[in-house]
Amino acid sequence: MAGDSRERGSLRRDKYSVLLPTYNERENLPLIVWLLVQSFTESGHDYEIIIIDDGSPDGTLEVAQQLEKIYGSDKIVLRPRTKKLGLGTAYIHGMQHATGNFIIIMDADLSHHPKFIPEFIRKQKEGSFDIVSGTRYKGNGGVYGWDLKRKLISRVANFITQVLLRPGASDLTGSFRLYRKEILQKLVEKCVSKGYVFQMEMIIRARQLDYTIGEVPISFVDRVYGESKLGGNEIVSFLKGLLTLFATT
Ligand SMILES: Nc1nc2c(ncn2[C@@H]2O[C@H](COP(=O)(O)OP(=O)(O)OP(=O)(O)O)[C@@H](O)[C@H]2O)c(=O)[nH]1
Ligand SMILES: [Mg+2]
């Protein structure tokens, strides 16, 4: 179905729009942006970095404005919102301003290393995939800095989901991915979940719509700066979301 857009895509130069949603990432933002610029400069791919800050009280937006001055407003695009409206809508908001034909979604807290992006791009081209998903559960993939409890939660969540939904991708709760822009647009229109479940639903809907998914092993590193928020509430809302998905997809 994506056939003609594929051909059109090969005629023009590919551009990658990186969506970086931020909430209190003042300390992480300069480093992630620097690593992204390094990676893209080295690989020679055309790119832009879209920062979607949701009124972070720690002054993330001021840091982003500095970065815009340093790297230029063609590379660093600021699309802030005034309050914390959640990740799902942050992606949609960012995507609406993206000028690339591919979208890369990643966390800004250094859990996702930009060094994997050239591999995502290579993989995408290799299979002409609609989506390339980073996976912690294949090949050299893995998780660093998590305690046993968190590793267990992630594994169990992934396992239950595999059994219930048979999604066709090995890492469902991860959010380091590359999408064809038009595919991402169609997927977000279909998705109803929020939070962790949102990432899962994207993959499940992708399967239903027969979009092709490639995978790249990634190592995931726990956030260095800032507070981690995973707690009992998250787990409960994850399970609720999962059951809703099970019932509705
Ligand atoms: N714009 C925006 N960004 C957000 C919001 N919530 C989280 N983020 C960002 O989304 C990314 C992922 O969120 P994290 O807080 O790292 O979620 P997590 O990795 O599951 O949990 P941690 O253990 O805290 O790292 C980070 O870059 C956050 O700054 C939000 O409501 N709006
Ligand atoms: Mg994180």
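Start at 1 and go down the list; that is how both ligands and their atoms are numbered. Heavy-atom basis, side chains included; hydrogens, waters and symmetry copies ignored.
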Does Asp54 reach ligand 1 with a nitrogen or oxygen that is under 3.5 Å from one of the ligand's nitrogen or oxygen atoms?
-> yes

Give the single entry among Ala108, Gly88, Pro80 that approaches atom 27 (O) of ligand 1 most closely by any heavy atom.
-> Ala108

Can you tell which part of Arg150 has a heavy atom less than 4.0 Å from ligand 1: side chain, backbone, both or neither?
-> side chain

Tell me whether the guanidinium CZ or amine NZ of Lys15 lies under 6.0 angstrom from the six-membered ring centre of Phe102 and within 45° of its axis.
-> no

If you measure from each heavy atom of Gly86 to ligand 1, is any distance below 4.0 Å?
-> yes

Do Tyr71 and Trp34 have ring centroids that are under 6.0 Å from one another?
-> no

Considering just N/O/S atoms, say which atom of Asp109 is closest to the Mg ion (ligand 2).
-> OD2

In terms of atom number and element, which parts of ligand 1 are under 4.0 angstrom from non-hydrogen atoms of Ala90?
-> 1 (N)

Between Thr89 and Arg81, is any side-chain donor less than 3.5 angstrom from a side-chain acceptor?
-> yes

Among Asp222, Thr22, Asp107, Thr89, closest by heavy atom to atom 12 (C) of ligand 1 is Asp107

So, Glu68 and Ser73: side-chain donor and acceptor under 3.5 Å apart, yes or no?
-> no

Do Glu25 and ligand 1 have an N or O pair less than 3.5 Å apart?
-> yes

Strictly by modelled atom types, are Ser133 and Arg177 linked by a side-chain donor-acceptor pair under 3.5 Å?
-> yes

Do Phe120 and Phe176 have their ring centres less than 6.0 Å from each other?
-> yes

Reference residue Asp130; test salt bridge (Lys or Arg N to Asp or Glu O under 4.0 Å); the match among Arg180, Lys181, Lys123 = Arg180

Counting heavy atoms only, which of Ile52, Leu85, Asp109, Leu87 comes nearest to atom 7 (C) of ligand 1?
-> Leu87

Any N or O of Phe220 closer than 3.5 Å to N or O of ligand 1 = no

Flag if over 12 foreign heavy atoms under 6.0 Å of NZ, Lys240 | no

Does an N or O anywhere in Lys84 fall below 3.5 Å from an N or O of ligand 1?
-> yes

